[in-house]
Amino acid sequence: MPELPEVETYRRFFAEHAAGRTVRSVDVLDPAIVRNETAPAVDLALRGHRFGEPRRHGKWLLCPASGPVLLVHFGMTGDLVWSRQEPERHRHDRLALVFDHGELRYRNMRKLGGVWLARDEAELKDLIGDLGPDALDVSRREFLDRLSRRRGGVKAALMDQRFVAGVGNLLADEVLWQARIHPRRRIDDLDAATRARLFRTLHRVLRVAVDEFDYLESRMGWLNHVRGEPGARCPRCRTPLSRVTFAGRTTYLCPSCQR
DNA sequence: TCAGTTGTTTATAT
DNA sequence: AATATAAACAACTG
């Protein structure tokens with residue numbers, strides 16, 4: 001379930017199991033999941049290398065291995081699995097990093113996303129493309145500055161990875177609902193107080209989310225707690241929520257609270 | 001059978 | 001040049 005908070009969870013998981021460990025082999029179980037190299041090339045590049053501390057930028061997990069960097073993107077259905085917790089490989093396990101003490105598997109049912117190998121930091125930048133600042137890392141000043149240069153709808157901006165990196169469909173709805181901003185509101189129409197509220201809310205939602213596993217469902221009083229339930233009502237004012245399609249994505253909002 | 005799904009890219013239109 | 005939209009990608013689930 002990967003947006004920024006989930007990928008942060010994967011980063012910690014990778015750090016726990018793979019950082020400081022030497023790769024014995026890379027078993028590519030589905031060659032199509034490696035997007036920019038052949039399966040043997042990935043094995044050859046990483047075998048015998050030791051992983052350092054993983055980093056995260058937006059929804060990308062970046063795993064340096066003394067020289068080459070393994071790039072992991074989770075799409076909609078990606079996951080990491082540690083072999084001690086689940087001994088058998090699953091049919092959606094697409095790649096396994098094999099260590100002496102176990103194996104870390106990249107699972108992805110739908111195969112959106114995948115794994116890339118960068119030979120160095122320069123190649124890494126080319127592969128992840130023109131990403132904006134990480135949504136949890138961006139300063140208020142930079143966020144407001146970027147917002148002032150942006151036109152169009154506010155939800156589209158939040159979800160644009162070149163604007164800020166890490167916010168997806170569910171988080172965008174959550175932030176806008178908490179900040180009481182209609183997702184179709186034009187950025188030009190937002191006054192200074194509303195822009196400041198948007199930043200504060202974005203930051204607060206992300207902070208809570210990265211610290212709380214399963215926040216999407218467990219966080220009482222949040223939009224995502226009731227999202228998708230038939231007849232769902234706004235947790236604040238009890239007005240029935242609207243469900244609309246916006247740029248091909250399902251959007252939930254409260255017609256009473258949000259403008 | 002049909003609609004829907006937390007992401008990204010591409011083509012096309014505005 | 002930016003922004004908006006739909007479709008495609010793939011593999012399910014209800």
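So you know, we letter chains A, B, ... as the sequences are listed, proteins then strands, and number each from 1. Fair warning: this is a prediction, and the values are worked out from it, not measured in the lab.
The hydrophobic clustering, which links ILVMFWY residues whose side-chain heavy atoms are closer than 4.5 Å, places A:Val23 and A:Val28 together.
Between A:His101 and A:Trp82, the ring planes lie tilted relative to each other; the angle falls in the 30° to 60° range. Using cut-offs of 30° and 60° on the angle between ring planes, the pair A:Phe13 and A:His17 is perpendicular.
Among the protein residues, A:Arg162 comes within range of no part of the nucleic acid, since none of its heavy atoms lies under 4.0 Å from any strand.
Distance, A:Asn169 CG to B:dG4 C1': 12 Å, rounded to whole Å. A:Asp130 places its CG atom 12 Å from the P atom of C:dT3, with the value rounded to the nearest Å. In this structure, A:Glu3 atom CD and B:dT5 atom P are separated by 13 Å, rounded to whole Å. In this entry the distance linking CG of A:Asp173 with P of B:dG7 reads 10 Å, nearest Å. Here the C1' atom of nucleotide B:dT5 and the OH atom of A:Tyr252 are 11 Å apart, to the nearest Å. The distance between atom CG of A:Asp79 and atom C1' of B:dT6, rounded to the nearest whole Å, is 13 Å. Atom pair A:Tyr10:OH and B:dG7:P shows a separation of 12 Å (rounding to whole Å applied).
In DNA chain B, stems built from 3 or more consecutive Watson-Crick or G-U wobble pairs, each with both distances under 3.5 Å, span B:2-5 with C:11-14, B:7-14 with C:2-9.
Between A:Asp160 and A:Arg162 there is a salt bridge, since a side-chain N of the basic residue sits under 4.0 Å from a carboxylate O of the acidic one. Classification of A:Glu103 and A:Arg89 as a salt-bridged pair holds, one side-chain N sitting under 4.0 Å from a carboxylate O. The residues A:Asp173 and A:Lys155 are annotated as salt-bridged, a charged nitrogen and a carboxylate oxygen being separated by less than 4.0 angstrom.
Across A:Val7, A:Leu131, A:Val72, a single residue satisfies side-chain contact (heavy atoms from CB on, under 4.5 Å) together with A:Trp60, and that is A:Leu131.
Heavy-atom contacts from other residues, nucleotides or ligands closer than 6.0 Å to CZ of A:Arg204 number more than 12.
Evaluation of the salt bridge (Lys or Arg N to Asp or Glu O under 4.0 Å) test over residues 110-125 of chain A, restricted to residues two or more places apart or in two chains, returns A:Asp30-A:Lys111, A:Glu37-A:Arg119, A:Arg55-A:Glu121. For residues 233-248 of chain A, no residue pair satisfies the salt bridge (Lys or Arg N to Asp or Glu O under 4.0 Å) rule, not counting sequence neighbours. For residues 126-139 of chain A, the side chain to side chain donor-acceptor pair (under 3.5 Å) pairs, not counting sequence neighbours, are A:Arg56-A:Asp134.
Contact between the side-chain N/O atoms of A:Arg149 and the OP1/OP2 oxygens of C:dA1 is not found at any separation under 4.0 Å. Remark: A:Thr250 is in phosphate contact with B:dT5, judged by side-chain N or O atoms under 4.0 Å from OP1 or OP2.
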Walk along nucleotides 4-13 of chain C from 5' to 3' and tag each nucleotide B, S or - by protein heavy-atom contact under 4.0 Å, base first, then sugar-phosphate. SSS--BBBS-

Would you mind building the protein contact string for nucleotides 8-14 of chain B? One character per nucleotide, 5' to 3', B for base within reach (heavy atoms under 4.0 Å), S for sugar-phosphate only, - for untouched. B------

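Taking the C1' atom of each, B:dT6 and C:dT3 are spaced 23 Å apart, rounded to whole Å.
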